[in-house]
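Let me begin by presenting the structure, written as structure tokens, before commenting on it.
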Protein chains: 2
Amino acid sequence: MTDYETFELGDVVLQSGLTLRSAKLVYKTYGELNDRRDNVIVFPTFFSSQHTANEPMIGHGMALDPGKYFIIVPNLFGNGLSSSPSNTPPPYDRARFPPITYHDNIVCQHRLVTEKFGIDRIALVCGFSMGAQQSYHWGAMFPDMVERIAPWCGSARTSPHNFVFLEGVKAALTADDAWNGGWYERQPAKGIRAMARVYAGWGPSQAFYREKVYSQLGFSSLEDYLITAWEGRFLEIDANDLLAMVATWQNGDISANSRYEGDFSKALGAIKAKAIVMPSQTDQYFPPRDNEIEVSQMPNAELRVIPSIWGHLAGGPGRNPEDTLFIDSALRELLAS
Amino acid sequence: MTDYETFELGDVVLQSGLTLRSAKLVYKTYGELNDRRDNVIVFPTFFSSQHTANEPMIGHGMALDPGKYFIIVPNLFGNGLSSSPSNTPPPYDRARFPPITYHDNIVCQHRLVTEKFGIDRIALVCGFSMGAQQSYHWGAMFPDMVERIAPWCGSARTSPHNFVFLEGVKAALTADDAWNGGWYERQPAKGIRAMARVYAGWGPSQAFYREKVYSQLGFSSLEDYLITAWEGRFLEIDANDLLAMVATWQNGDISANSRYEGDFSKALGAIKAKAIVMPSQTDQYFPPRDNEIEVSQMPNAELRVIPSIWGHLAGGPGRNPEDTLFIDSALRELLAS
């Protein structure tokens, strides 16, 4: 039994010029589409997660209320549900899985929204991290369709520092000989554990560790936290899938397409959606400053910093109740405006 | 021809209980010891560097003026000159090189200073990063001998976040099968390149990358910077030596000894030296906040933040002229006080 549905995309020609044949977009919906088809929220997934990881932000009495809105959670390509290295048949399987951009993702999500559901207005696109980057892309690619965006802990373009952080993540995973250029028969566990340990330094903040928040979360020691919360989590995900998502992330840029031709300011300026952009104060790879620069070039956007010591994790749906509430309140306000 | 001298330590019993036999402390001196033996500055080395890397902070007309002071630069154990995995004969060679603490280092540096030179007062101990951590240790271990300390971009105790950052560095290096538990015959180059790429995200700041400072430094692209400045640099250092230094760093704690028995506040409070502590405003693993907490518990210390976007690299001797000047000015002021 599955809790999701699959939209058959057919053959998708990607930005790279490669074709992903019989591509699949897996999604889940919450609530009902109303007759005017104007109660739509799109809430894309984040790195190394699937639609269920978004669910702590969805609920009766919350901003993303399925009693009121029709909420579509599309799964990012590479996440193991939508087309991914681990589930695509030859010849585009595994290490040959094509590079997929955010633009490619959003084109396909747009097809889901329009072809499957006949929707032409979206009240809100929102998301965390890579989900935030998808929200920005929605706003820039479909400015007349998207009424609001709420990206949190993410940026419209992946910064050079963020890119370098991900270079470290990739290098750690692929240093394991067992990775074998992506042609492994068994997961390169040593490499995945290494990338998990690298990631562990980046996800939470300095203060998160200083104040031993991991102890409050029930981990018996720092090392237990690293093994359980980080190694354990990434070991569950196929290595090529992880790398496919990293590739999408590293190349994130709302202007990297024929419409904006690399003119980042122009792409930001084209986002008509009313926006509340929420970086975490202590995010090490999506720091507030990057969003501040972006918001200054967006016609209808507000910067609202999440006052958290959870670093990037502040934005993880349901991770820290206080931060989740902060985001939920902003979403409520945005939807009411 | 060598530009340094070697102090034969004989058999050194380490904090671990292991004995490093025929241990060697390599050092270089600059300037002349005066008759009263009271013009002494000790300037320990930092991670993955040797004494020459400190030289941009030493010079006529600078605070560390060899025309005025007798400056001793002792090389950290594990750095390839002083006793290290790469230069110690069996049975304590290579992967069997014993864990060495800052306490072990400073005990031996103290022997050099007293036994070799008959010095009983030190005007200043200063240093960058692991050199800063050694400066703190000098102040706590020999409070009646050390008149001033100036640690920059380092802390009295390695924070949990800093520890985790180093876990990522280690995991990347050791994910390479060629590392072979430390019993490699040839350098595990893939692992070293991986750890270099991980490190590249941590050393400079987000703003350093955002403002493309690497371009101003003459690198032809971001990738050229990663390969040349990071992979190239670490490839020159023996993998076990790198790991030995990381082990010293990860366990840094001025109170981890029989004198203070883990009472960190007591150890900080015991530092009589007049101190100027200089974190870089944008340092990702020695952030100002850690020093602020320390300084508040030191009787005679001032926090002075380096206003730099160079991240941890702000403190690298001679790296950024503006930051070097900031540090040099503080050292001058401290020495004059």
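Of the two parts of A:Trp202, the backbone and the side chain both hold a non-hydrogen atom closer than 4.5 Å to a non-hydrogen atom of chain B. Interface remark: B:Leu173 contributes no atoms to any contact with chain A (heavy atom separation under 4.5 Å). Heavy-atom distances place no part of B:Asn162 under 4.5 Å from chain A, backbone and side chain included. Looking at A:Phe163, only its side chain comes within 4.5 Å of chain B, counting heavy atoms on both sides.
Considering only heavy-atom pairs separated by less than 4.5 Å from chain B, the leading option among A:Ala207, A:Ala172, A:Pro188 is A:Ala172. In terms of heavy-atom pairs under 4.5 angstrom with chain B, the leader among A:Leu226, A:Leu166, A:Val198, A:Ile293 is A:Val198. Between chain A and the residues B:Ala175, B:Gly201, B:Ala196, the most heavy-atom pairs under 4.5 angstrom are made by B:Ala175. Interface remark: of the candidates B:Lys212, B:Arg289, B:Gln284, B:Glu223, B:Gln284 forms the most heavy-atom pairs closer than 4.5 Å to chain A. Of all the listed residues (A:Arg193, A:Glu167, A:Met195, A:Lys170), the one sharing the greatest number of non-hydrogen pairs under 4.5 Å with chain B is A:Glu167.
Remark: B:Asp177 CG to A:Lys190 NZ distance equals 3.5 Å, nearest 0.5 Å. Here B:Arg94 contributes atom CZ and B:Trp183 contributes atom CH2; the two are 6.0 Å apart, rounded to the nearest 0.5 Å. Within the model, atoms CD1 of A:Ile271 and OG of A:Ser135 stand 10.0 Å from one another, a figure rounded to the nearest 0.5 Å. The distance from the OG1 atom of B:Thr174 to the CD1 atom of B:Ile192 is 11.5 Å, given to the nearest 0.5 Å.
By the 30° and 60° cut-offs, the orientation of the rings of A:Phe208 relative to A:Tyr225 is tilted.
With B:Gln281 as the partner, the side chain to side chain contact (heavy atoms under 4.5 Å, CB included) test is satisfied by one option alone out of B:Val305, B:Ile309, B:Ile306: B:Val305.
Separation of the B:Phe46 and B:Phe128 ring centroids falls under the 6.0 Å cut-off.
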